[in-house]
Amino acid sequence: MSKPTPLSGFPEWTTSQRMIEQFVLDRIRQTFELYGFAPLETRSVEPLDQLLRKGETSKEVYLLRRLQADADGPAGDDALGLHFDLTVPFARYVLENAGKLQFPFRRYQIQKVWRGERPQEGRYREFLQADIDIVDRDTLPAHYEAEMPLVIGDALRALPIPPVLIQVNNRKICEGFYRGIGLTDPEAALRAVDKLDKIGPAKVTELLAETAGASEAQARACLALAGISAPDASFADAVRALGVTDPLLDEGIAELVAVVETAAAHAPGLCVADLRIARGLDYYTGTVYETQLRGYERFGSICSGGRYDNLASAGAVSYPGVGISIGVTRLLGLLFGAGALSISRSVPTCVLVAVGAEEERAGSNAIAEALRSRGIPAEVSPNAAKFGKQIRYAERRGIPYVWFRGAEGDQVKDIRSGEQVNAVPGEWAPPRVDLKPLVG
RNA sequence: GUGGCUGUAGCUCAGUUGGCAGAGCACCGGGUUGUGGUCCCGGUUGUCGUGGGUUCAAUUCCCAUCAGUCACCCCA
């Protein structure tokens with residue numbers, strides 16, 4: 001059998017990287033729970049018609065099919081696909097369980113998702129998202145839109161990563177403004193403006209004329225709006241100075257002011273109102289979020305989301321929501337690629353118990369058990385090689401302590417400093433920082 | 001999904017107008033008869049990404065494919 005090769009877009013980390021990932025996930029989960037979000041896991045597959053409710057990305061959905069299924073059979077709406085994000089499965093779950101849920105319903109969900117995209121650095125076909133959403137019945141207060149960045153700010157600031165900047169905008173501002181200047185296709189205008197960073201103002205002007213039927217003056221106004229950015233409520237003055245009036249616009253400004261001011265009070269420097277942020281397709285109806293990692297701006301957003309009013313509805317009842325999602329795999333992939341995340345050892349082991357001779361292994365096992373019973377990760381040496389070899393076994397893995405049994409009592413050695421002291425298995429404990437691998 | 005660039009040892013990379021595959025680091029053994037790291041000596045690094053083609057001969061040239069990366073597409 002020839003040597004297996006990687007699968008494009010399906011990353012597999014090393015054990016060290018996986019320990020870092022688990023550390024990151026633990027921290028994120030702790031923060032989400034501090035804010036009262038309840039854990040939820042949904043199944044990996046959804047009926048295709050559910051997955052396709054949100055747009056034209058059907059080609060990127062992975063289908064699930066049994067080997068024995070009719071290969072030529074039609075892949076109808078009842079075909080199963082791996083979920084493409086966590087918001088759509090969540091909306092489906094809310095509808096399915098509406099009768100059992102307490103509203104407003106706050107949940108977090110940390111799971112793999114799958115997209116058949118062309119992979120590159122920070123873009124994968126199988127990746128982890130850490131998602132929070134709040135949904136309510138019929139109406140959802142706007143203050144939840146201000147809460148999202150606070151949670152994310154706390155979650156990301158608790159990680160050993162560079163600072164982040166959350167860019168926020170509000171769909172009502174864009175749509176109200178576009179309507180106010182007489183554009184009839186706000187969605188087309190939004191998509192054109194969204195490309196501003198990539199293709200520049202001249203090309204966006206062309207695109208606005210082509211796809212949204214914008215005159216030169218209208219295009220100029222759109223670009224003026226998109227150019228507004230401020231870390232505080234002053235963006236509102238800049239918008240009003242453009243002289244466009246529309247009720248939806250005013251509503252959006254008020255909501256965005258609340259988001260920015262709440263963030264500024266809680267976490268100065270975390271958020272900026274940036275009116276060029278458009279985000280994806282059509283289902284966002286209020287605040288939208290994107291997040292840049294300082295120093296990694298060229299890789300795009302590592303955390304995004306927004307408010308949606310029409311994702312879940314059953315009959316006369318609707319369930320508006322707001323959510324945001326951390327792209328955990330992208331975040332880690334970028335930092336791993338830059339060598340910006342490390343861990344103090346490649347295994348959880350804190351103490352390696354040496355074996356003097358194979359006949360004495362039982363004694364070493366007993367010592368390891370005593371250590372483990374007090375929460376100290378310990379393993380026993382794989383063989384009774386020379387002690388130098390056993391120490392090297394520990395050193396290669398970053399294990400900080402080696403335990404030696406002796407006729408007149410045991411000793412434990414800190415192999416980093418070389419310091420060796422008398423120790424008793426039922427009493428000795430490492431300094432707190434050495435108990436678990438350190439991520440930095 | 002479309003196009004560009006790249007692919008040689010565990011890692012970073014040399015290399016040959018087509019003629020037996022190299023260096024540093026790492027790793028293994030010994031010096032060091034049971035306490036590593038420094039130093040000295042020695043050793044292995046390998047289907048040259050994979051599969052085909054041209055050729056007396058291919059790591060080198062050609063085609064395909066896989067993987068990585070970049071741009072586009074898309075980004076719930």
Side-chain angles (χ1 to χ4, degrees), chain A residues 1-12 14 46 50-61 81-92 109 111 113-125 127 129 131 133 191 194-195 198-199 277-284 288-290 298-308 310-311 321-327 330 333-334 337 339 352 354-358 360 381 383-406 411-420:
Chain A
M1 183 176 153
S2 61
K3 188 178 175 183
T5 56
L7 267 183
S8 188
F10 294 83
E12 292 180 316
T14 63
E46 296 289 339
Q50 287 283 331
L51 293 172
L52 300 185
R53 283 195 307 145
K54 293 205 319 197
E56 299 298 318
T57 48
S58 56
K59 280 180 282 191
E60 295 186 354
V61 170
L82 292 171
H83 57 221
F84 198 83
D85 72 347
L86 300 178
T87 309
V88 164
F90 173 58
R92 188 269 309 158
Q109 202 169 333
Q111 286 180 244
V113 306
W114 295 267
R115 297 179 193 177
E117 294 185 291
R118 182 73 150 230
Q120 45 186 271
E121 186 163 22
R123 299 186 72 172
Y124 306 98
R125 291 177 161 172
F127 56 99
Q129 285 196 327
D131 200 293
D133 280 88
R191 273 196 295 274
D194 192 37
K195 298 186 191 301
K198 255 183 192 163
I199 65 179
I277 299 302
R279 282 227 62 69
L281 299 177
D282 48 356
Y283 74 92
Y284 289 125
V288 290
Y289 314 93
E290 284 201 1
R298 78 177 186 89
F299 293 101
S301 177
I302 54 148
C303 175
S304 59
R307 174 175 177 134
Y308 45 88
N310 309 312
L311 210 49
V322 59
I324 188 165
S325 191
I326 302 173
R330 159 172 288 200
L334 298 180
L352 176 75
V355 175
E358 280 303 328
E360 299 167 21
S381 180
N383 53 43
K386 291 182 187 177
F387 285 145
K389 294 278 175 55
Q390 298 190 40
I391 290 170
R392 195 163 63 181
Y393 174 95
E395 198 234 339
R396 293 282 146 74
R397 292 162 177 74
I399 299 169
Y401 296 96
V402 177
W403 190 286
F404 298 100
R405 298 177 64 220
Q411 292 197 314
V412 65
K413 177 186 186 106
D414 180 337
I415 66 173
R416 297 159 301 185
S417 65
E419 186 188 5
Q420 187 163 331

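These numbers come from the heavy atoms of this one structure, side chains and all, not from hydrogens, waters or symmetry mates. None of the values given here were measured: they were computed from a predicted structure.
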Asker: Should the pair Arg125(A) and Phe10(A) be classed as cation-pi, given the thresholds of under 6.0 Å to the six-membered ring centre and 45° from the axis?
Answerer: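 No, Arg125(A) and Phe10(A) do not form such a contact.
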Asker: Report yes or no: is the cationic atom of Arg416(A) (NZ for Lys, CZ for Arg) closer than 6.0 Å to the six-membered ring centre of Tyr401(A), at no more than 45° off its axis?
Answerer: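 Cation-pi check for Arg416(A) and Tyr401(A): passes.
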Asker: Is the positively charged end of Arg397(A) above the ring of Tyr393(A), judged by distance under 6.0 angstrom from the centroid and angle within 45° of the axis?
Answerer: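 Yes, a cation-pi geometry.
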Asker: In whole Å, measure the gap between the C1' atoms of A21(B) and C5(B) for me.
Answerer: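 After rounding to an integer number of Å, I get 25 Å for this pair.
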Asker: Does Arg405(A) use its side chain to pair, donor to acceptor, with the backbone of Glu360(A) at less than 3.5 Å?
Answerer: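 Pair found, side chain donor or acceptor close to backbone of Glu360(A).
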Asker: If we take the C1' atom in both C70(B) and C63(B), what is their distance in whole Å?
Answerer: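 Between the two C1' atoms, the distance is 24 Å.
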Asker: Assess the residue pair Ser381(A) and Gln390(A) against the criterion (side-chain hydrogen bond (donor to acceptor under 3.5 Å, both in side chains)); give the C-alpha distance rounded to whole Å, side-chain angles, the decisive distance to 0.1 Å, and a yes or no.
Answerer: CA-CA 7 Å; Ser381(A) 180; Gln390(A) 298 190 40; 3.0 Å; yes
Asker: Looking at the side chain of Lys389(A), which of C75(B), G29(B), C74(B) is the nearest nucleotide?
Answerer: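 Closest of the options to the side chain of Lys389(A): G29(B).
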Asker: May I ask you to verify whether the side chain of Gln420(A) and the base of U35(B) hold a donor-acceptor pair under 3.5 Å?
Answerer: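 Per atom types, the contact qualifies.
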Asker: Return the value, rounded to whole Å, for the distance between atom CD of Glu12(A) and atom P of A67(B).
Answerer: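 Between P of A67(B) and CD of Glu12(A): 13 Å.
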Asker: Got a minute to check which stems RNA chain B is part of, using Watson-Crick or G-U wobble pairs under 3.5 Å, three or more consecutive?
Answerer: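 Paired runs of 3+ in RNA chain B: B:1-7 with B:66-72, B:10-13 with B:22-25, B:27-31 with B:39-43, B:49-53 with B:61-65.
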Asker: Tell me whether Arg115(A) contacts the main-chain N or O of Phe84(A) through its side chain, where contact means a donor paired with an acceptor under 3.5 Å.
Answerer: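 Answer holds: yes.
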Asker: At less than 4.0 Å, is any side-chain N or O atom of Arg396(A) found next to OP1 or OP2 of C27(B)? Yes or no.
Answerer: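 Yes, Arg396(A) has a side-chain N/O under 4.0 Å of OP1/OP2 on C27(B).
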Asker: How long is the line joining CD of Glu60(A) and C1' of C75(B), in whole Å?
Answerer: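 The answer, rounded to whole Å, is 7 Å.
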Asker: If you measure from the P atom in U32(B) to the same atom in G37(B), how many Å do you get, rounded?
Answerer: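 After rounding to an integer number of Å, I get 14 Å for this pair.
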Asker: Round to a whole Å and report the spacing from CD1 of Ile391(A) to P of U35(B).
Answerer: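 Computing the Ile391(A):CD1 to U35(B):P distance gives 8 Å.
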Asker: In whole angstrom, give the distance that lies between atom CZ of Phe10(A) and atom P of A67(B).
Answerer: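 Atom CZ in Phe10(A) sits about 10 Å away from atom P in A67(B).
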Asker: Roughly, in whole Å, what's the span from CG in Asp85(A) to C1' in C74(B)?
Answerer: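 So the CG-C1' distance, Asp85(A) to C74(B), works out to 14 Å.
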Asker: Just wondering, are more than 12 heavy atoms of other shown residues or ligands nearer than 6.0 Å to CD in Glu358(A)?
Answerer: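 Atom CD in Glu358(A) is packed in, count exceeds 12.
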Asker: For Arg330(A) and for Lys413(A), locate the closest nucleotide of RNA chain B by heavy-atom distance; then report the residue assigned to the nucleotide nearer the 5' terminus.
Answerer: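 The 5'-side residue here is Lys413(A).
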Asker: Anything under 3.5 Å between a protein N or O and an N or O of nucleotides 69-72 of chain B, put it in a table, one pair a line.
Answerer:
{"unit_1": "C70(B)", "atom_1": "OP2", "unit_2": "Glu121(A)", "atom_2": "N", "d": "2.8"}
{"unit_1": "A71(B)", "atom_1": "OP2", "unit_2": "Gln120(A)", "atom_2": "OE1", "d": "3.2"}

Asker: Between G36(B), U35(B), C75(B), spot the one nearest the side chain of Ile415(A), thanks.
Answerer: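 The answer is G36(B).
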Asker: Say we look at U44(B) and G10(B): how far apart would their P atoms be, to the nearest angstrom?
Answerer: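 About 15 Å, rounded to a whole number of Å.
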Asker: Parallel, tilted or perpendicular: which describes the rings of Trp114(A) and His83(A), with under 30° parallel and over 60° perpendicular?
Answerer: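 Correct class here is tilted.
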Asker: Check for a donor-acceptor pair, side chain of Arg330(A) on one end and backbone N or O of Gln129(A) on the other, with a separation under 3.5 Å.
Answerer: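 Checking the backbone N and O of Gln129(A) against the side chain of Arg330(A), no donor-acceptor pair under 3.5 Å is found.
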Asker: Any side-chain N or O of Ser8(A) under 4.0 Å from OP1/OP2 of G68(B)?
Answerer: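 Affirmative; the distance criterion is met.
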Asker: Distance check, P atoms only: G18(B) and G24(B), in whole angstrom units.
Answerer: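 Pairwise P distance, G18(B) against G24(B), rounds to 28 Å.
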Asker: Please give the distance between the C1' atoms of U50(B) and U6(B) as a whole number of Å.
Answerer: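 Rounded to whole Å, the distance is 16 Å.
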Asker: Just compare C28(B), C74(B), G34(B) and give me whichever is closest to any side-chain atom of Glu117(A).
Answerer: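 So the nucleotide nearest the side chain must be C74(B).
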Asker: Pick the closest RNA chain B nucleotide for Gly9(A) and for Ser417(A) by heavy atoms, then say which residue is nearer the 5' end.
Answerer: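 In this pair, the answer is Ser417(A).
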Asker: Using whole Å, report how far CG of Asp414(A) lies from C1' of G36(B).
Answerer: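 Result: 13 Å.
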Asker: Say we look at C66(B) and C25(B): how far apart would their C1' atoms be, to the nearest angstrom?
Answerer: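 Going atom to atom, C1' in each nucleotide, I get 29 Å.
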Asker: In whole Å, measure the gap between the C1' atoms of G49(B) and U55(B) for me.
Answerer: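 Nearest-Å result for G49(B) against U55(B) at atom C1': 23 Å.
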Asker: Of the options C74(B), C66(B), U35(B), whose atoms approach the side-chain atoms of Thr5(A) most closely?
Answerer: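 Per side-chain heavy atoms of Thr5(A), the pick is C66(B).
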Asker: Send over the distance from Lys386(A) NZ to G34(B) P, rounded to a whole Å.
Answerer: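 Going from NZ in Lys386(A) over to P in G34(B) covers 7 Å.
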Asker: If I take atom CZ in residue Arg125(A) and atom C1' in nucleotide C75(B), what distance separates them, rounded to the nearest angstrom?
Answerer: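 Going from CZ in Arg125(A) over to C1' in C75(B) covers 14 Å.
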